[in-house]
Amino acid sequence: MVTAIVIPVIIFIFYIRSKREYKKYYDAWIALANIKEDSSITGTVYRISEEKQRFYYNQYVFVTDLNITTNQKKLKLKRIVPITKNFIPPTIQKGEELTFYGTWEKDYFRFTNYERKK
């Protein structure tokens, strides 16, 4: 008699807990695309690396690593965006001169938006 009551309660508690955890990670996954655009950097791309990484279970992010040159300096840039239904990968080519908007994190510049220099 006790098990008929206790087991469904335990299952329900773990269901609610799992649902909260999923929502927490989903919000963090979507928030990856929203970063402050405190500064901008203009430079020429000389190395590009793109990869798909797992964020949480069936949620993925698209990571674009760039190395650019600006005024005799070499900088590392990183773009991390969630892969959603309307995701379009960036079309950045080697040798292009671009302006990137984002913020500094650790030893690299993290950006989401960029525009081509004319």
Side-chain angles (χ1 to χ4, degrees):
M1 181 72 178
V2 172
T3 58
I5 296 170
V6 173
I7 291 176
V9 169
I10 291 173
I11 291 172
F12 182 71
I13 289 170
F14 280 111
Y15 172 75
I16 296 297
R17 195 172 185 192
S18 298
K19 198 167 184 173
R20 284 183 190 158
E21 182 180 334
Y22 180 80
K23 181 167 178 20
K24 180 180 77 170
Y25 281 104
Y26 180 81
D27 292 342
W29 177 62
I30 293 297
L32 286 173
N34 302 327
I35 62 166
K36 295 179 183 177
E37 294 182 355
D38 293 338
S39 58
S40 65
I41 294 178
T42 302
T44 306
V45 178
Y46 72 88
R47 189 178 150 267
I48 303 168
S49 172
E50 299 176 333
E51 66 180 346
K52 176 182 170 181
Q53 293 179 354
R54 174 176 270 169
F55 182 76
Y56 182 74
Y57 286 109
N58 62 344
Q59 299 165 343
Y60 292 91
V61 294
F62 192 79
V63 179
T64 306
D65 290 320
L66 300 173
N67 289 358
I68 65 168
T69 56
T70 65
N71 301 333
Q72 308 301 328
K73 290 183 183 178
K74 294 184 178 183
L75 301 172
K76 293 180 185 179
L77 285 76
K78 189 177 280 192
R79 181 176 190 242
I80 304 171
V81 291
I83 298 177
T84 58
K85 291 181 182 178
N86 57 357
F87 172 74
I88 300 171
T91 56
I92 299 174
Q93 301 294 324
K94 194 174 185 181
E96 281 186 311
E97 189 169 345
L98 303 167
T99 302
F100 303 95
Y101 302 100
T103 185
W104 285 99
E105 287 185 6
K106 300 178 186 171
D107 61 340
Y108 62 89
F109 185 78
R110 175 133 178 250
F111 72 98
T112 53
N113 296 328
Y114 64 93
E115 62 183 26
R116 286 174 171 70
K117 201 85 166 169
K118 294 182 181 179

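Keep in mind that the numbers below use all heavy atoms, side chains included, and drop hydrogens, waters and symmetry copies. Keep in mind that this is a model prediction, so the values were computed, not measured.
- A continuous path of ILVMFWY side-chain contacts below 4.5 Å connects Ile41 to Tyr114, so both sit in one hydrophobic cluster.
- Remark: Ile88 CD1 is loosely packed, at most 12 non-hydrogen atoms of other residues, nucleotides or ligands lying under 6.0 Å away.
- Applying the side chain to side chain donor-acceptor pair (under 3.5 Å) definition to pairs two or more places apart or across chains, those involving residues 41-53 are Thr42-Thr99, Glu51-Gln53.
- Under the 4.5 Å side-chain criterion, counting only non-hydrogen atoms from C-beta, Gln93 is not in contact with Val45.
- Note that CZ of Phe111 and CH2 of Trp104 are 12.0 Å apart. Values are rounded to the nearest 0.5 Å.
- Interatomic distance, CD1 of Ile92 versus CD1 of Ile48, reported as 6.5 Å (0.5 Å rounding).
- Here the CD1-NZ distance, from Ile68 to Lys74, works out to 12.0 Å after rounding to the nearest 0.5 Å.
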Apply side-chain contact (heavy atoms from CB on, under 4.5 Å) to residues Thr84 and Phe87 and explain how you reach the verdict. CA-CA 5 Å; Thr84 58; Phe87 172 74; 4.3 Å; yes
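- Side-chain heavy atoms closer than 4.5 Å link hydrophobic residues (I, L, V, M, F, W, Y) into clusters, and following such links, possibly through other members, connects Leu75 to Leu66.
- The distance between the ring centers of Phe100 and Phe109 does not fall below 6.0 angstrom.
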One pair to check against side-chain contact (heavy atoms from CB on, under 4.5 Å): Arg110 and Tyr108. What are the steps and the verdict? CA-CA 6 Å; Arg110 175 133 178 250; Tyr108 62 89; 4.0 Å; yes
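- Under the 30°/60° scheme for interplanar angles, the aromatic rings of Tyr22 and Tyr56 are found to be tilted.
- You'll find the side chain of Arg79 stays beyond 4.5 Å of the side chain of Phe62, heavy atoms only.
- Using a 4.5 Å cut-off between side-chain heavy atoms of Ile, Leu, Val, Met, Phe, Trp and Tyr, with links allowed through other members, Ile11 and Phe14 fall into different hydrophobic clusters.
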Side-chain polar contacts of residues 24-38 - donor-acceptor pairs under 3.5 angstrom, sequence neighbours left out - could you list them?
unit_1, atom_1, unit_2, atom_2, d
Asp27, OD2, Lys23, NZ, 3.3
Trp29, NE1, Tyr60, O, 2.8
Glu37, OE2, Asn113, ND2, 2.4

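- Remark: Thr112 OG1 to Ile80 CD1 distance equals 11.0 Å, nearest 0.5 Å.
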Starting from the C-alpha separation in whole Å, work towards a yes-or-no answer on side-chain contact (heavy atoms from CB on, under 4.5 Å) for Thr91 and Arg116. CA-CA 11 Å; Thr91 56; Arg116 286 174 171 70; 3.3 Å; yes
